Protein chains: 2
Amino acid sequence: MSAPAPKALLFDVFGTLTDWRGGVARAVAAAFAARGAAVDAHAFADAWRGEYQPAMERVRSGARPYAQLDELHRENLDRTLARMGFEGLFDEDERDALARAWERLPPWPDAPGALERLRAIALTAACSNGSVGLMARLARHAGLRWDCILGADLARDYKPRAGVYLAACAALRLRPEETAMVACHDHDLAAARAAGLRAAWIARPLEHGPGRPAPEPEQEWDWIARDLHDLADQLGAPRP
Amino acid sequence: MSAPAPKALLFDVFGTLTDWRGGVARAVAAAFAARGAAVDAHAFADAWRGEYQPAMERVRSGARPYAQLDELHRENLDRTLARMGFEGLFDEDERDALARAWERLPPWPDAPGALERLRAIALTAACSNGSVGLMARLARHAGLRWDCILGADLARDYKPRAGVYLAACAALRLRPEETAMVACHDHDLAAARAAGLRAAWIARPLEHGPGRPAPEPEQEWDWIARDLHDLADQLGAPRP
């Protein structure tokens, strides 16, 4: 907990700054309601998200050239609809619109204000698997402000590949140890640490919905925080 | 002047949003004064900037792998000092500090406010030959806000190569014709137009100092504006 303050903070976005499950479920519920169809919207969101890692893995493994996450989300939506028996429910335009649910996720309540605090003490950047366009639109929707958007588009690869973290540091002209990855997912932090970055773990007990056991950090991360304001406090960021 | 409003505006930064010549000259004057040495700071700034295109051309031509503009500025500073007879005046740390003058340029007076207006009607992005780190630090210093930083680091090449403009559009998931390059330099706009983007020309009569003939646009650009507020007016952006 006494590591020197990093010069840049790189943020995971889906789960760490935004409630992807709640946001996607809300969009799914609205789309199905407009068609008069019944669905368990949270189960649908979980199934859609379940396609996320396998789709990226095809890029990470080299089996597929880099494609932006927006494309993967769109393809995964088709797959999820088919698997859950809704293949003919939506036309192409409706599927395109529903896939953009990822651009309209709600922030976790602490995220907008705490990001402002953290910007006062470090460069801040999105370091997500989402595309620049997806991140830019999501930031506007969710009221998130950062200095720049790094991540998958810059590296043309997906986390947790080391190149994504290293490209982010290089773009900022910082050494890995001068930066910290901020995430609620241990695997993201483990990869960042392996690449030489520092790591800040944020508790997001509601990421997968209520009634789950609270996640515990798997390693002694450089910072372990209840939420982003707690991280800001630990890093000495002034309070508003 | 009646083209539909673009979905994204890509901004040149050195010259279009910021006064590179005034900012660099001020930093040069301070560095030389600290050494008790006399210099024509504006002539020095012009000479330093004169190395800009040749240095980038070595990357664009493939003679040199991509190197961030910060590196080129630093090398060009050594070259300029030597050419002007100041080779031993500054040590390495002082040269490093002086090269960071490009991170502390003043904005043109209209830029911060007009960028806010333009953000209300389009995605906004830096599309500069500066690195992400340079742009992020400059934006903080100059009070410039945009949605993201695109440009050279993303494409690993330099404007006016078409790939820089096209990589910016792709990152935003927009077709080139849905975006507009905003610049005070005809050669930047000509390359953007050739790549399929729209083009907005901004008058910056003081870029090269007072007493110069006011530049005139070389083509019928989609928009021709006296300054960024004039562009915002033409695009129908609400006034504050």
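Letters A, B, ... mirror the listed sequences (proteins, then strands); counts begin at 1. Everything numeric here is computed off the predicted structure, so don't read it as measured data.
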Fill in the blank from the handout: If you tally heavy-atom pairs under 4.5 Å between each of A:Leu174, A:Leu123, A:Ile149, A:Leu134 and chain B, the highest tally belongs to A:Leu123

Exercise for the section: Could you grab the distance from atom CG of A:Asp153 to atom CG of B:Leu154, nearest 0.5 Å is fine? Expected result: 7.0 Å

Which atoms of [X] approach chain A - backbone, side chain, both or neither, heavy atom under 4.5 Å:
{"X": "B:Arg156", "value": "neither"}
{"X": "B:Ala171", "value": "both"}
{"X": "B:Ala170", "value": "backbone"}

Handout entry: Electrostatic pair B:Glu103-A:Arg173, nearest N-O below 4.0 angstrom
Key = no

Handout entry: Main-chain N/O of B:Leu172 paired with A:Gln68 side-chain donor or acceptor, under 3.5 Å
Key = no

Exercise for the section: Spell out, as yes or no, whether a donor-acceptor pair under 3.5 Å connects the side chain of B:Arg140 to the backbone of A:Arg119. Expected result: yes

Problem - Minimal non-hydrogen separation, B:Val132 against A:Leu150, with atom names - result: CG1-CD2, 3.9 Å

